[in-house]
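Below: one structure, written as C-alpha cells.
Scope of the values below: all heavy atoms of this structure, side chains included, with no hydrogens, waters or symmetry mates. Chain identifiers are assigned alphabetically (A, B, ...) following the order of the sequence lines, protein sequences preceding nucleic acid strands; residue numbering begins at 1 within each chain.
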Amino acid sequence: MEIRTRFAPSPTGYLHIGGARTALFNWLFARHHNGKFILRIEDTDVARSTEESTQAILDGMQWLGLDYDEGPYFQSKRFDLYREHAYKLLETDKAYKCYCTAEELEQRRKDAMAQGKTPKYDGRCKSQGAGARVQGANDKPFAIRFKVSPGTTLVKDIIKGNVAFDNNEIDDLIILRSDGTPTYNLCVVVDDATMNITHVIRGDDHLNNAPKQILLYEALGYPVPEFAHLPMILGSDKTRLSKRHGATSVMAYKEMGYLPHALVNYLARLGWSHGDQEIFTIEELTEKFSFENVGKSSGVFNPEKLLWLNHHYIKEAKTDDLAKLLEPFLEVKGYAVGTIHELSLPNIVKTVQERSKTFVEMADAAEFYFKENIVYEEKAAQKFLTPDMIEIFEAIRTRLENVTTFSHEAIETVFNGIINEKGMKLGKVAQPVRVALTGGTVSPGIFEVIENFGKEKTVEKLKKAIAFIKQKG
RNA sequence: GGUCCCAUCGUCUAGAGGCCCAGGACGGAGCCCUCUCAAGGCUUAAACACGGGUUCGAAUCCCGUUGGGACCGCCA
C-alpha cells in the first residue's frame, strides 16, 4: 500500500518552527517510503484565516525544500463535503441537533468552572429527542453534535504506544456550527479519509483529539489511519515554544542569514536521532528516517546548536554558492551588487566564510571590502596608526607597486622582506596595515585582504593612512 | 481542577537487563597553533529525578512519588 502523509496547517500566521518540523517529519516519512506527501490548508475558521498566511506557509515550505505531491487543498472549498458527512451522521442517528446558543454554552462553562467542576456539555439536546424539532422547516438555528457513545477508545500510536481514553471524558463535539460551517475534527477526519491518508503525523498536542476522530472514522465507516504524535518543541523555559523565546518564524531564519538545510538538519535531530550522527544530507535523512528513533519526550529548541550547524554548512559550502546567497544581505546594507563588481565576491567570501555563522555576519565581516571611505575605529587608530608606521607603510606601498603578479605569495614576500630588514614581528606590521585597510583590528588574514583589494586599492588605502597619521600629529 | 503524555550532562541525544563508575554533539572552561578574529587540534567539568519492587545483575522491566508539558471552544 502506498504511504500517504499530509501537513495540514491553519493559515492564521506564518510557518513556525514547530509546524516546520511536523511538515519535515511527514515529508521524510513519505519520501523514505516512496509515498506521497500532501499539503492541506485548514482554513475552516474563516474569521482567522488569511491569504497572506497561506502564502507565508507556502514560502516557508519552499525555502525548506519540502515539496508536496498533492495540494495545496483548501478546506474552505470543501464545505459541501463536510456538510454531507455531518448530515449523514444526523440521519443515521449518530449525531443530533443542538439548539443551545454559544452564549448559553459559555455561561454554563463559566458556572462549572466557578464551582470547580469540569466543564462539560450536559447533553440536554440529545435527551430531548431529536424527532421533535428536527422536522420543522423553519427550525431555530442549531449546531450538529456528534454523539459519543460510552466505552473506551484506544489510540494506537506509533510513537506513544497504546493510549486508552474513557469515552465519558469526551464531550459530544460540535461537528457543524449553527452557521453551517464545519469544525476541525469533522474536517480532518473527512479529509484524511477521502484523501486516503495512511499516516497522520502531527504534534502530540493533538493526542487528545485522536479518540474523537477515531470515533468519527468509525461512525462514518472509514478505515482508521495510523497515528504518530510527535513530542512538542519547547522554549528554553520548557513551555510551548512561542514568540517570547525568540524567532519562531521559519522565514525569519532566512532573513537572519541561515541556510535552509541547517534548519532542516537541526529540526530533524530535534526528537529524532541516528546514533551519534549530527550532520545529515537530505539523502541521508530520507534514507535513515524512521519512527523507531523518534523519542517520546518533548525537546527544547536550542538556537546555539542551530547556529553551529549553520556555521558548519557555511564552512562547507562552495564560495560561488555562498556569494550568490550573500548578495541580498549586502544589498540590505546598501551595497548594490552592480557597484561591487571590481572585487571578486567568491574570493571575498573565501576569506570570511569560516568566521561567519550567518549571512548577516558574513555581510558585516565583508563590509570593509566595499566601503569607499573607511572610517578608522578610534581606539584602533590610536594604537596602530602611529608616526613610526609611516616608514613601514611607505616601504610596503612601494614594494607592492613593483610586484608584477599580485599573488598571495608575492605579498607575503614583501612583508617578510620588510620585517626581516627591520627585525620586527609580523604582528607589529600586520595590525597597523589591517587598520589601514579595514578600519579595524579584526579581519581575515592580511595577505588575503590585500590580494582581494588588488594593487591599486591597497596602495590608495595605504596612502590615505599615511596622510591620516601625518595630519593627526 | 479533570484527562492524557513525558522524565539520561545546562540543551539535543546514544543506550532495547550485564559491553556503562554511562558515549557523542552544542554550549562552557583550559591549553596548543597564530598577523587580529576565526577556523583547527588536544584536554576538561557536567546527567541516569526520587522511593520501592522484579532479577544473580537495572539507566534499561513493573509500581508509586515528585516534577514538567499538552489538551479540556460553535479555534485549529
Side-chain angles (χ1 to χ4, degrees), chain A residues 8-12 42-45 47-49 75 98 100-102 105-106 109 112-113 115-121 141-145 155 157 159-161 163-166 168-171 173-179 181-185 187-188 203-211 229 231-232 234 236 238-240 266 269-279 292-293 295-309 311 315 352-357 365 380 384 415 419 425-435 438 440-447:
Chain A
S10 62
T12 52
E42 309 220 321
D43 56 351
T44 53
D45 185 350
R48 295 202 305 150
S49 301
Q75 289 190 325
C98 175
C100 304
T101 65
L105 258 13
E106 185 55 33
R109 190 173 302 120
M113 296 281 251
Q115 292 172 47
K117 286 194 283 193
T118 325
K120 197 167 182 299
Y121 179 64
F142 61 88
I144 297 182
R145 272 186 197 274
V155 180
D157 192 272
I159 293 169
K160 305 282 184 184
V163 185
F165 289 84
D166 187 335
N168 281 325
E169 301 295 335
I170 306 170
D171 254 3
L173 54 144
I174 286 174
I175 52 178
L176 202 71
R177 300 186 185 96
S178 47
D179 66 1
T181 59
T183 61
Y184 170 72
N185 282 296
C187 298
V188 192
D204 70 9
D205 47 339
H206 284 289
L207 189 54
N208 291 305
N209 284 322
H229 286 95
M232 303 257 80
L234 275 23
S236 48
K238 306 227 175 179
T239 61
R240 202 184 169 130
Y266 177 74
R269 247 334 245 90
L270 214 195
W272 171 83
S273 63
H274 186 262
D276 285 340
Q277 190 172 348
E278 297 285 353
I279 305 297
E292 300 255 302
N293 302 309
K296 293 178 168 190
S297 52
S298 45
V300 174
F301 181 74
N302 183 351
E304 303 266 280
K305 188 158 182 181
L306 170 58
L307 195 60
W308 169 75
L309 273 165
H311 192 193
K315 281 186 288 182
V352 292
Q353 76 183 111
E354 74 185 10
R355 56 204 95 209
S356 308
K357 294 191 177 80
F384 295 108
F415 273 71
I419 62 171
K425 296 255 286 180
L426 180 56
K428 286 287 177 200
V429 179
Q431 275 307 79
V433 173
R434 174 168 285 115
V435 176
T438 71
T441 54
V442 174
S443 88
I446 199 65
F447 305 137

Q | Contact pattern, 5' to 3', of nucleotides 12-31 of chain B - B, S or - by protein heavy atom under 4.0 Å | A | BSS--------BBBSS----
Which nucleotide, in any strand shown, forms a Watson-Crick or G-U wobble pair with [N], with both distances under 3.5 Å?
N	answer
B:U34	none
B:A58	none
B:C9	none
B:C4	B:G69
B:A16	none
B:G64	B:C50
B:A22	none
B:A29	B:U43

**Q.** pair A:Ser297-A:Pro231: side-chain heavy atoms closer than 4.5 Å
**A.**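 Not touching, per the 4.5 Å side-chain cut-off.
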Q. Are side-chain heavy atoms of A:Pro444 and A:Arg355 found at a separation under 4.5 Å?
A.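 Sidechains of A:Arg355 and A:Pro444: in contact.
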Whole-angstrom distance between [N] and [M], as gauged at atom [atom1]:
N	M	atom1	value
B:G24	B:C42	P	12 Å
B:G15	B:C9	C1'	14 Å
B:G30	B:C71	P	42 Å
B:U11	B:A47	C1'	12 Å
B:A38	B:G28	P	11 Å
B:A22	B:U65	C1'	25 Å
B:G2	B:G10	P	31 Å
B:A49	B:G68	P	16 Å

Out of [options], which nucleotide sits closest to the side chain of [X]?
X	options	answer
A:Phe165	B:C4, B:G69, B:C74	B:C4
A:Ala102	B:C74, B:A76, B:C6	B:C74
A:Lys296	B:C6, B:A76, B:C35	B:C6
A:Arg145	B:C74, B:C35, B:A76	B:C74

Q.
Testing the basics here: between A:Glu278 and A:Lys305, what is the closest heavy-atom pair and its distance to 0.1 Å?
A.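 Answer, listing the atom of A:Glu278 first, then A:Lys305: OE1-NZ, 3.1 Å.
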Q: Heavy atoms only: give me the nearest A:Leu306-A:Phe301 pair and the separation to one decimal.
A: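 Heavy atoms only, the tightest pair is CD2-CZ, 4.0 Å.
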Rounding to a whole Å, what distance do you find between [X]:[atom1] and [N]:[atom2]?
X	N	atom1	atom2	answer
A:Gln431	B:U34	CD	C1'	12 Å
A:Lys120	B:G73	NZ	C1'	15 Å
A:Asp205	B:C6	CG	P	15 Å
A:Asn168	B:G2	CG	C1'	13 Å
A:His229	B:C6	NE2	C1'	15 Å
A:Phe142	B:C74	CZ	P	16 Å
A:Leu207	B:C71	CG	P	12 Å
A:Glu354	B:U36	CD	C1'	13 Å

With a non-hydrogen cut-off below 4.0 angstrom, is [X] in contact with a base, only sugar-phosphate, or nothing?
X	answer
A:Pro9	nothing
A:Ile174	base
A:Cys100	base
A:Thr101	base
A:Arg109	sugar-phosphate
A:Asn209	base
A:His311	sugar-phosphate
A:Leu173	nothing

**Q.** Residues forming a side chain to side chain donor-acceptor pair (under 3.5 Å) with A:Tyr184, sequence neighbours excluded
**A.**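 Expected list: A:His206.
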Value rounded to 0.5 Å, distance of [atom1] in [X] from [atom2] in [Y]:
X	Y	atom1	atom2	value
A:Lys428	A:Ile419	NZ	CD1	13.0 Å
A:Asp45	A:Cys187	CG	SG	11.0 Å
A:Asn208	A:Ile170	CG	CD1	9.0 Å

(Q) I'd like to know if the side chain of A:Asp43 reaches the main chain of A:Gln75, judged simply by a donor and an acceptor atom lying under 3.5 Å from each other, with no hydrogens or angles considered. (A)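 Flag set: sc A:Asp43 to bb A:Gln75 pair under 3.5 Å.
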Q | Comparing A:Ala430 and A:Ser356 on RNA chain B - which has the more 5′ nearest nucleotide | A |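 Closest to the 5' end, via its nearest nucleotide, is A:Ala430.
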Q) Taking the nucleotide of RNA chain B with the closest heavy atom to each, which residue, A:Lys315 or A:Thr239, is nearer the 5' end? A)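 Looking at the nearest nucleotide for each, A:Lys315 comes out on the 5' side.
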Q. Judged by modelled atom types alone, do A:Arg434 and A:Ser443 share a side-chain donor-acceptor pair under 3.5 Å?
A.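 The answer is yes; a qualifying pair exists.
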Q.
Applying the side chain to side chain contact (heavy atoms under 4.5 Å, CB included) criterion to A:Leu173, which one of A:Asn209, A:Ile144, A:Thr183, A:Asn185 satisfies it?
A.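 By the side chain to side chain contact (heavy atoms under 4.5 Å, CB included) criterion, A:Leu173 pairs with just one of A:Asn209, A:Ile144, A:Thr183, A:Asn185: A:Asn185.
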Q.
Taking atom types as they are modelled, would you say the side chain of A:Ser443 forms a donor-acceptor pair with the base of B:C37 within the 3.5 Å cutoff?
A.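 Side chain to base: no pair below 3.5 Å.
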(Q) So, does A:Thr44 get its side chain near the phosphate of B:A76, meaning an N or O under 4.0 Å from OP1 or OP2? (A)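 Yes, within the criterion.
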